[in-house]
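Order of the sequence lines sets the chain letters (A, B, ...), proteins ahead of strands, with each chain counted from 1.
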Protein chains: 2
Amino acid sequence: MSEHGQRRSDATRAPDNSGQGSRRVPMTPGARKVLEAAGRLFYERGIHAVGVDLIAAEAGVTKKTLYDRFGAKDQIVVEYLADRDERWRAFLVAYLERSRSPRSRILAVFDASRDWAEQSLPRGCSMINAHAEIADPAHPAYAVITGQKAWMLELFTDLARPLAPRRAKSLGRSLMLLHEGGLVAYGMGIFPDAIERARQDAQALVRAAVPSG
Amino acid sequence: MSEHGQRRSDATRAPDNSGQGSRRVPMTPGARKVLEAAGRLFYERGIHAVGVDLIAAEAGVTKKTLYDRFGAKDQIVVEYLADRDERWRAFLVAYLERSRSPRSRILAVFDASRDWAEQSLPRGCSMINAHAEIADPAHPAYAVITGQKAWMLELFTDLARPLAPRRAKSLGRSLMLLHEGGLVAYGMGIFPDAIERARQDAQALVRAAVPSG
DNA sequence: GGGTGAGTATACAGATCGGTCTACTATGGG
DNA sequence: CCCATAGTAGACCGATCTGTATACTCACCC
């Protein structure tokens, strides 16, 4: 929503706006423990399947502390997703910065996703999973979810631009498709090494689109 | 799991095994009303977010009828997914049968998905969404979900075989990636006409893989 | 030294959850 | 006629849900 053009900034440096309209919560030690436990439980079991009592117990914190910090479960969900998003962007940017050519930077996104998923995401993309549970667009977490995907699409488009200025939008969308497909196939275990396969297909796609790269 | 080769059968005629180990429920009028209401509510709001009282009320049926037919909410979930799967396969087979060339049959899958989604799936693939909510592989619905995706992957592989016998497995996986990516991008509204775009990319992929088609 | 902020411990409220129960009705087939 | 089947109506169960309340401790800081 709103104008999604975030200045002209190089895509590697725009780790802001992940919290968008949802002001973050002061991260006291208790709040941090809650967020860590909630993040783990939400991801492993699903958001609706995890109650605040369980979160508080797993965090080693009382419910009062939990509600003093977050006010409501919905806000914990927002912080969970915004935090995941923030850490993913930082992780990704590190991969992007150590690549130079436009081509290798595109592939670096898939490398980052593959490594990120293999080290901590056996159940696939948190945003896709959360979107399946949060149907109401008015939910405060909805903007975080769609914001992350919009950011990724814009990133792919920006990365494609140096390679094919006229077809950047189109190429960006194709890369996005492969990337999302890889995440889902990986998360559902449809076949092994799905993200790596998506990377290969992206490589072929880029090669075909810009034979002079 | 197990040997996933289900005979040599032509992919267009294998609408069985959708209910696998989960024996279906006798479809009395009351059961049908429950399934209709549950299907709509589960898809629109998510499985965990919908209670049995609401399902019974929306179906215009008492809770006793609901439990007499299905026994447990989990079983309603199984029937919901198995029913969706069954109807999708029938829908898809109709598209496949009116296409002749291997190439157009591959594209027909994307055509079917596009039309199927546009007419009734604003929130994307039911199986992907259900997988996000059902974390436990021991859940009776889990097999239906993974079974459907395995069937789709096998279908793509079978459709790719006449075009590229040696690379059928590889090409099938690439097509699967694009297809899943299209479904997710469509369901999350990442960009417009995502499935149609996936179809175009699939077309390009097939053309590149088999220039002599 | 008094106040503020962050925390523990625990009880409680009201709603909703999945699921069971009894009592009754209507229908259709041997 | 009779009995099984499929249904309505509605009370009820224990558990769990999100969220609030009271009372107290501890650390820090002006």
Side-chain angles (χ1 to χ4, degrees), chain A residues 22-81 130 133-136 138-142, chain B residues 22-81 130 133-136 138-142:
Chain A
S22 51
R23 70 271 176 249
R24 303 298 288 272
V25 150
M27 271 303 144
T28 66
R32 210 171 299 273
K33 287 193 282 183
V34 167
L35 195 52
E36 183 279 329
R40 183 165 37 81
L41 291 166
F42 282 160
Y43 182 74
E44 286 172 2
R45 310 190 192 181
I47 293 170
H48 285 332
V50 171
V52 289
D53 297 81
L54 178 61
I55 295 173
E58 286 276 311
V61 147
T62 61
K63 271 173 69 178
K64 179 164 184 305
T65 295
L66 185 152
Y67 275 98
D68 280 349
R69 291 305 119 228
F70 294 90
K73 184 188 175 182
D74 276 356
Q75 191 61 32
I76 305 181
V77 176
V78 170
E79 299 299 327
Y80 153 60
L81 292 172
E133 290 204 70
I134 301 173
D136 181 14
H139 191 289
Y142 204 86
Chain B
S22 51
R23 71 268 176 254
R24 304 296 289 272
V25 150
M27 271 303 144
T28 66
R32 209 171 299 275
K33 286 194 282 183
V34 167
L35 195 53
E36 183 279 329
R40 183 166 37 82
L41 291 167
F42 283 159
Y43 182 73
E44 285 173 2
R45 309 190 192 180
I47 293 171
H48 285 331
V50 172
V52 288
D53 296 80
L54 178 60
I55 295 173
E58 286 276 311
V61 146
T62 61
K63 270 174 70 177
K64 179 164 184 304
T65 296
L66 186 152
Y67 274 98
D68 280 348
R69 291 306 120 227
F70 294 90
K73 184 188 175 182
D74 276 356
Q75 190 61 30
I76 305 181
V77 176
V78 171
E79 300 298 328
Y80 153 60
L81 292 172
E133 289 204 70
I134 300 173
D136 181 14
H139 191 290
Y142 203 86

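Summarising the geometry, the separation between CD1 on A:Ile55 and P on D:dT18 is reported as 7 Å, rounded to the nearest angstrom. Atom pair A:Asp53:CG and C:dC17:P shows a separation of 17 Å (rounding to whole Å applied). Regarding B:Asp68, its CG atom lies at a distance of 16 Å from the P atom of C:dA23, rounded to whole Å. The CG-C1' distance, from B:Leu66 to C:dG18, rounds to 10 Å in whole Å. For A:Gln75 and D:dT18, the CD to P distance is 15 Å, given to the nearest whole Å. When rounded to the nearest whole Å, the span between CZ of B:Arg32 and C1' of D:dA6 equals 14 Å. Spacing between atom NZ of A:Lys63 and atom C1' of C:dA13 amounts to 10 Å, rounded to whole angstrom units. Straight-line distance from the NE2 atom of A:His48 to the P atom of D:dT18: 10 Å, rounded to whole Å.
Using a 4.5 Å heavy-atom threshold, the side chains of B:Val77 and B:Ile134 count as touching. The side-chain heavy atoms of A:Phe70 and A:Val78, taken from C-beta on, include no pair separated by under 4.5 Å. Within the 4.5 Å cutoff, side-chain heavy atoms of B:Gln75 are placed close to those of B:Val25.
Here the nucleotide nearest the side chain of B:Pro29, chosen from D:dG7, D:dT18, C:dG18, is D:dG7. For B:Lys73, counting side-chain heavy atoms from C-beta on, the closest listed nucleotide (D:dG19, C:dG18, D:dT8) is C:dG18. Taking the side chain of A:Lys64 as heavy atoms from C-beta on, and the options C:dA9, D:dG19, C:dG18, the nearest nucleotide is C:dA9. Considering only the side chain of B:Thr62, D:dA9 comes nearest among C:dT8, D:dG7, D:dA9.
A:Glu36 has a carboxylate O that lies under 4.0 Å from a charged side-chain N of A:Arg40, or vice versa, which qualifies the two as a salt bridge.
Between A:Thr28 and the phosphate of C:dG5, there is no side-chain N or O to OP1/OP2 separation shorter than 4.0 Å. For the OP1/OP2 pair of D:dG7 and a distance below 4.0 Å, the side-chain nitrogens and oxygens of B:Arg69 include at least one atom meeting the criterion.
Note that CD of A:Glu44 is 6.5 Å distant from CG of A:Leu41, once rounded to the nearest 0.5 Å.
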